[in-house]
Amino acid sequence: MGAVIKEKNGKKRILYVLHNYYNRAGTEEHTRTLASGLADDFETFIVAPDAGKRIVLIQNGKEIAQAAVPELAWPLAPYRVPAYEDAFAKVVDYCKPDLIHVQHFFNWPLGILDQISCLGLPVVLSFHDYYCLSPQFTMQGAMDTSSLLSPEYSLNVFGQDISPYLEARQRLISGSLKKISCRITPSLFLA
């Protein structure tokens, strides 16, 4: 993340954490719209993994910095990956955000929420799907949330029994979510 950032111009800074920037889908479009719509009043940045090979930092629709990272396994996302942690720490140091808004943390190590929580900054987390409940963020293959940790669901959706991982993942994410005071769900159905 080697570019030089200009001096703070009196505007508060928002850092959006996204799962992908160069994809044209709902969460990505929503985040780009927020960043551009708030640009008159806030300095906005978006950080996201790109193609499992790098982390990119975007400002005003342009890539201003990047850092190489290894590709993460799916569906068995790890909790910590030092290259991601280092890249994110550099982004925070570079942007000096006043607020972090996590739009999605798919494609990040699961510990990203804890890393963000430790910064002592205001944090907002938006829920756009069921990723906190299952790596299969659409919940496809599940009749309801009670089946998401079962061996049957795991075999059906992931082709192997990873139910112990799914249970540990859900406990970990649940603990991480408790550290974030502002959580937004855009629909009653999703809530």
Side-chain angles (χ1 to χ4, degrees), residues 1-74 77-129 131-132 137 173 176-177 179-184 186:
M1 301 288 160
V4 176
I5 195 162
K6 61 186 178 189
E7 285 296 314
K8 210 170 183 179
N9 56 12
K11 292 181 182 180
K12 296 285 186 176
R13 294 177 174 198
I14 301 172
L15 174 61
Y16 290 100
V17 177
L18 192 56
H19 63 305
N20 189 342
Y21 182 80
Y22 294 111
N23 187 35
R24 188 160 186 203
T27 305
E28 295 89 333
E29 290 294 325
H30 175 69
T31 305
R32 286 190 282 269
T33 300
L34 279 172
S36 66
L38 293 171
D40 288 345
D41 299 315
F42 297 91
E43 207 167 338
T44 59
F45 302 88
I46 301 171
V47 62
D50 178 44
K53 296 180 176 135
R54 63 192 188 129
I55 300 291
V56 295
L57 181 61
I58 309 292
Q59 185 178 31
N60 299 323
K62 294 181 178 73
E63 191 174 308
I64 60 171
Q66 65 171 306
V69 292
E71 190 169 0
L72 299 181
W74 185 90
Y79 177 72
R80 296 189 67 193
V81 177
Y84 283 79
E85 292 173 357
D86 294 345
F88 187 76
K90 288 176 183 170
V91 163
V92 169
D93 186 55
Y94 177 85
C95 297
K96 298 185 181 3
D98 296 293
L99 171 81
I100 296 178
H101 187 159
V102 180
Q103 287 283 12
H104 213 301
F105 61 101
F106 180 62
N107 294 329
W108 288 92
L110 298 178
I112 188 68
L113 296 179
D114 290 335
Q115 184 179 4
I116 292 168
S117 296
C118 288
L119 296 171
L121 296 169
V123 179
V124 176
L125 173 67
S126 291
F127 297 92
H128 296 278
D129 54 34
Y131 184 68
C132 288
F137 57 86
I173 291 173
S176 299
L177 292 176
K179 299 173 188 172
I180 297 173
S181 59
C182 186
R183 297 178 296 269
I184 300 170

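Because the structure is a prediction, the values reported are computed rather than measured.
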Kindly say whether [Y] contributes a backbone atom to a donor-acceptor pair with the side chain of [X] at under 3.5 angstrom?
X	Y	result
Lys62	Gln59	no
Trp108	Ala48	no
Arg13	Cys95	yes

Where is the tightest heavy-atom contact between [X] and [Y], given as atom of each residue plus distance?
X	Y	answer
Gln103	Thr31	CG-OG1, 3.2 Å
Asp98	Lys12	OD2-CA, 3.2 Å
His104	Asp129	NE2-OD2, 2.8 Å
Ala68	Ala83	O-CB, 4.4 Å
Val123	Leu99	N-CD1, 4.3 Å
His19	Phe106	CB-O, 2.9 Å

Roughly how far, to the nearest 0.5 Å, is the [atom2] atom of [Y] from the [atom1] atom of [X]?
X	Y	atom1	atom2	value
Ile100	Ile116	CD1	CD1	5.5 Å
Leu18	His128	CG	NE2	8.0 Å
Tyr16	Ser126	OH	OG	9.0 Å
Ile55	Asp50	CD1	CG	9.0 Å
Ile46	Thr44	CD1	OG1	6.5 Å
Ile173	Leu110	CD1	CG	5.0 Å

Among Ile14, Leu15, Leu119, find the one that has a side chain to side chain contact (heavy atoms under 4.5 Å, CB included) with Pro97. Leu15

Tell me, please, which residues at least two apart from Glu85 pass side chain to side chain donor-acceptor pair (under 3.5 Å). Arg80

Is it the case that over 12 heavy atoms from other parts of the model lie below 6.0 angstrom from the CZ atom of Phe137? no

Has Lys53 got more than 12 heavy atoms of other residues, nucleotides or ligands less than 6.0 Å from its NZ? no

Check the angle between the aromatic planes of Tyr94 and Phe45 and answer parallel, tilted or perpendicular using the 30° and 60° thresholds. perpendicular

Does the side chain of [Y] come within less than 4.5 Å of [X]'s, by heavy atoms?
X	Y	result
Val69	Val81	no
Leu177	Leu113	yes
Tyr84	Ile112	no

Can you name the ring-ring contact (aromatic ring centres under 6.0 Å, His included) partners of Phe105, sequence neighbours left out? Tyr131

